[in-house]
Amino acid sequence: MIRKNILLLLLVFILAVLPGCWDYTDLDKLAIPIVWAFDTGNNVQGNQESGILEITGIFPSEEYIAGRRARIEVRNARLLGEALKTRGGFDPKTTAIGLLQAVLYEEALAKKGIHDISDALHRNPLVKTSILMAVVDGKAREVLEVPTESYVNQGIFLRNLLEKASQEAFLPVTTLHSFEVNTNNAGRNPVLPVVSVINEVDAAITGTGIFAKDKLIDIVGLKETQSLVMLRGIKCEGYIPFQVYKNGELLDKGTLNAKNSREVEVYRNGSGFKFVVKIKLKCKLFEHTSKSNLSKNTELIEEIEKSVKTEIESNCRQFIQKMQEEFKVDCIDITKYALAKWRKELEPIADNSFMEKADIVVDVNVVISGSGDIF
Amino acid sequence: MLFIITGTLIGTDIISLPSKASENSAQNGWISIIVGAVLPFIMVILIERACRLYPDMTLIDIVKTSLGKVVGTIAAVFFILFASYITIVVVRVFSEIAKLYLLPETPIPVIALTEIIIVAYVTIKGVKTLARLNEILFYLLVFSILMILLPSIKLFDYTNILPVGNIGLLPIIKDGINTSFSYAGVDVMLVFYTLTGKKDEVMKAGIIAVAAVMTIYTLITAACILSLGSEAMQKIMFPPITMIKGVSLPVIERPETFFLTFWMVLTTKPAINYSYCACFSTARLLGVNIEKNAKYILIPYCIIILAGASIFKDIIQAFEFAGIAGILFFIVGLGYPLLILITKYLFKRKDRRID
């Protein structure tokens, strides 16, 4: 009997300790930032100074504050840890960063490099590496201040926007995990979606940021983003408009709903390398203006496929030329295929002018597999 | 025996192994895991052959018989200290990882104490309870491995693991030697051989156990290389956890928390098994019955383990000491069976049962 009591006491002790006697906290004592925005901050004189971060956090709130169910907090500090330290003197609640969903970077800050910030986030064991990342065209804080009516707060809106972007359009989705993998492995560079404030009342993804490791080098618009995403093999589902001309006359116009995928082959070409990027588009006809019955006019389907193929190939070639002449980094993630064959030889040069000299050929294959409920 | 050996082999190392395995061999790190398994296979054979010569004698009796009373006693004490050292290191690394990911404010000695209580409880219940627990936890191990591998598939990039074998043999062998430390646990066969009823199946059990662990280690390492890349993995302390952190599942937003909950249970197995080896051998050395006098041996033993686990400065020091444990594993795993075999066949000592 005594033995059973001792065992029971021990069991109670274990059950009490392991769930966290020391780690126990009430939920209402936690301040949970769901999105952080990083901008170039101001020094004590109020002047913008590089080396100082302005960190804006959006914290969900039960009450409405300035028309939104969230509190926006701004801190200036040299590093993220310093900003969290200063919070201690202002807010009685403990900062719980384990529920962070997304981080935004000001364009100017991203151009200087975001390694410090991403390292701090990656290093913290409580931060999940599936958090979403984006660059803001302008001040990152302004995106958090845009009001939203459809969602509880702007943080939730941004999280959903960045997470679902590739399911409705040809837009990239980048997590901290993929950013770190692309930054730390040879021959790879990340791309981040670019968010912009539209007319002060809306925030939307308007392009893609091209990075050389952790530094932003350029921003491309939505048209080039489509080419980038297809060339890079980021699996998306989106809409592709088309126009079919025959003998100078408009035969048909409409939209395809397409899913993309990619295959890459790489060959040695003397001392150089040749990449063949095969983009596959599996499409369904979403709409078209021609009244012809597609079951009796399969030629029209072929014409549509050919028209889309030609346009996308042309766009992709233009993008590749821009990538090799202006960006000079591999932003379409094809160097890894060459490294998969000749890693020892190419690893030292994968990040140095390798992509500029490569011969890259694009081949697009469009297949329209359905037209909905009617022909 | 199969479950006891597997249970002892898989512990804290499973989450730090991938970065060790690819330190020199890069994307071929998974090959170095297989290379590292060669020595443990040899150890299984040697230990089984050595114990077969004295099937009804414990390790303590065997070393005293083979090496003489004085040297044998020193060897016995060394084994007890070795088993205790491994237990201390396992408890400390477990506490550090639990503190890092799950219980950041809880003091290390408190986390260590909760594990030691479990270890003590199972040890006091005897070898049958220990064996049953190892068997049940083996199935939990399979489930937790699947839990970490399956969701991570969407992060895999096959180009990360290619090309195969281009790095040359020397870096793979170098990493293979490092990874062979992670098979520490085969040496518990020295103690459990005499306690098992099916002695003719021990060799088979040992080989299957090492092969199963090798498979698990290889799969985890390959998965980490596929999802993180060997270069990025070098700056990550616990690649499997970082890998699973990159996945967000419906409902289970943080799958790594679930995995770590199971892992905390699984890491008690090596501590329990080594602790039993140490206590059983101590009882034998002192000439007392383990079942009747368990608490007199276990209480001071647990205090020593708790004190030892609380000494380390930080996780980095704990890993340094874990490295030393790997070297000791070689000494025990190879040294003891070789000494027993050599003394039996070269010097033809007669069997003397120690009363």
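Values in this document were obtained by computation on a predicted structure and should not be read as measured data. A note on names: the letters A, B, ... follow the listed sequences, proteins ahead of strands, and every chain is numbered from 1.
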Next item on the list: Identify the two heavy atoms, one from B/Gly246 and one from A/Ser130, that lie closest to each other, and give their separation to 0.1 Å.
Entry: O-CB, 3.6 Å
Margin query: Using heavy-atom distances under 4.5 Å, tell me whether A/Gln101 contacts chain B through its side chain, its backbone, both, or neither.
Written below: side chain
Check: Heavy-atom count around B/Tyr121 OH within 6.0 Å, excluding the residue itself: above 12?
Finding: no
Margin query: What part of A/Arg188 gets within 4.5 angstrom of chain B, counting heavy atoms only: side chain, backbone, both, or neither?
Written below: side chain
Notebook entry, point to check: What part of A/Leu339 lies closer than 4.5 angstrom to a heavy atom of chain B: side chain, backbone, both or neither?
Noted result: backbone
Notebook entry, point to check: Taking all atoms of both residues into account, what is the closest heavy-atom pair of B/Glu231 and A/Ala186, and its distance?
Noted result: OE2-N, 3.1 Å
Note to self: Taking side chain as everything from C-beta outward and backbone as N, CA, C, O, which of these in B/Leu100 sits under 4.5 Å from a heavy atom of chain A? Side chain, backbone, both or neither.
What the structure shows: both
Notebook entry, point to check: To the nearest 0.5 Å, what is the distance between CG (B/Leu155) and NE2 (A/His177)?
Noted result: 4.5 Å
Margin query: Quick check for you: to the nearest 0.5 Å, what is the distance between B/Arg254 atom CZ and A/Leu126 atom CG?
Written below: 7.0 Å
Item checked: chain B contact via A/Asn124 - side chain, backbone, both or neither, heavy atoms under 4.5 Å -> backbone
Check: CZ of A/Arg268: more than 12 outside heavy atoms within 6.0 angstrom?
Finding: yes
Notebook entry, point to check: Which residues in residues 271-280 of chain A have a heavy atom less than 4.5 Å from any heavy atom of chain B?
Noted result: none
Item checked: B/Phe319, CZ: over 12 other non-hydrogen atoms inside 6.0 angstrom -> yes
Check: With a 4.5 angstrom heavy-atom cut-off, which part of B/Ile244 approaches chain A: side chain, backbone, both or neither?
Finding: neither
Item checked: Option from A/Val181, A/Asn185, A/Asn184 for which side-chain contact (heavy atoms from CB on, under 4.5 Å) with B/Leu228 holds -> A/Val181
Note to self: Quick check on the interface: out of A/Lys128, A/Lys341, A/His122, who has the most heavy-atom pairs with chain B under 4.5 Å?
What the structure shows: A/Lys128
Next item on the list: Name, in order of residue number, those residues of residues 234-243 of chain B that have a heavy atom at a distance of less than 4.5 Å from a heavy atom in chain A; otherwise write 'none'.
Entry: B/Lys235, B/Ile236, B/Thr242
Next item on the list: Using side-chain contact (heavy atoms from CB on, under 4.5 Å) as the criterion, list what pairs up with B/Ala222, not counting sequence neighbours.
Entry: B/Trp30, B/Ile161
Check: Using non-hydrogen atoms only, which part of A/Glu347 is less than 4.5 Å away from chain B: side chain, backbone, both, or neither?
Finding: side chain
Notebook entry, point to check: Relative to chain A, which segment of B/Asp157 carries a heavy atom at a distance below 4.5 Å: side chain, backbone, both, or neither?
Noted result: side chain
Next item on the list: With sequence neighbours left out, write down each residue that passes salt bridge (charged side-chain N to carboxylate O under 4.0 Å, His left out) with A/Lys213, or none if nothing qualifies.
Entry: A/Asp351
Notebook entry, point to check: With a cut-off of 6.0 Å (strictly less than), are more than 12 heavy atoms of other residues, nucleotides or ligands near CD of A/Glu168?
Noted result: no
Notebook entry, point to check: So how far is it from A/Trp342 CH2 to B/Asn166 CG, rounded to the nearest 0.5 Å?
Noted result: 12.5 Å
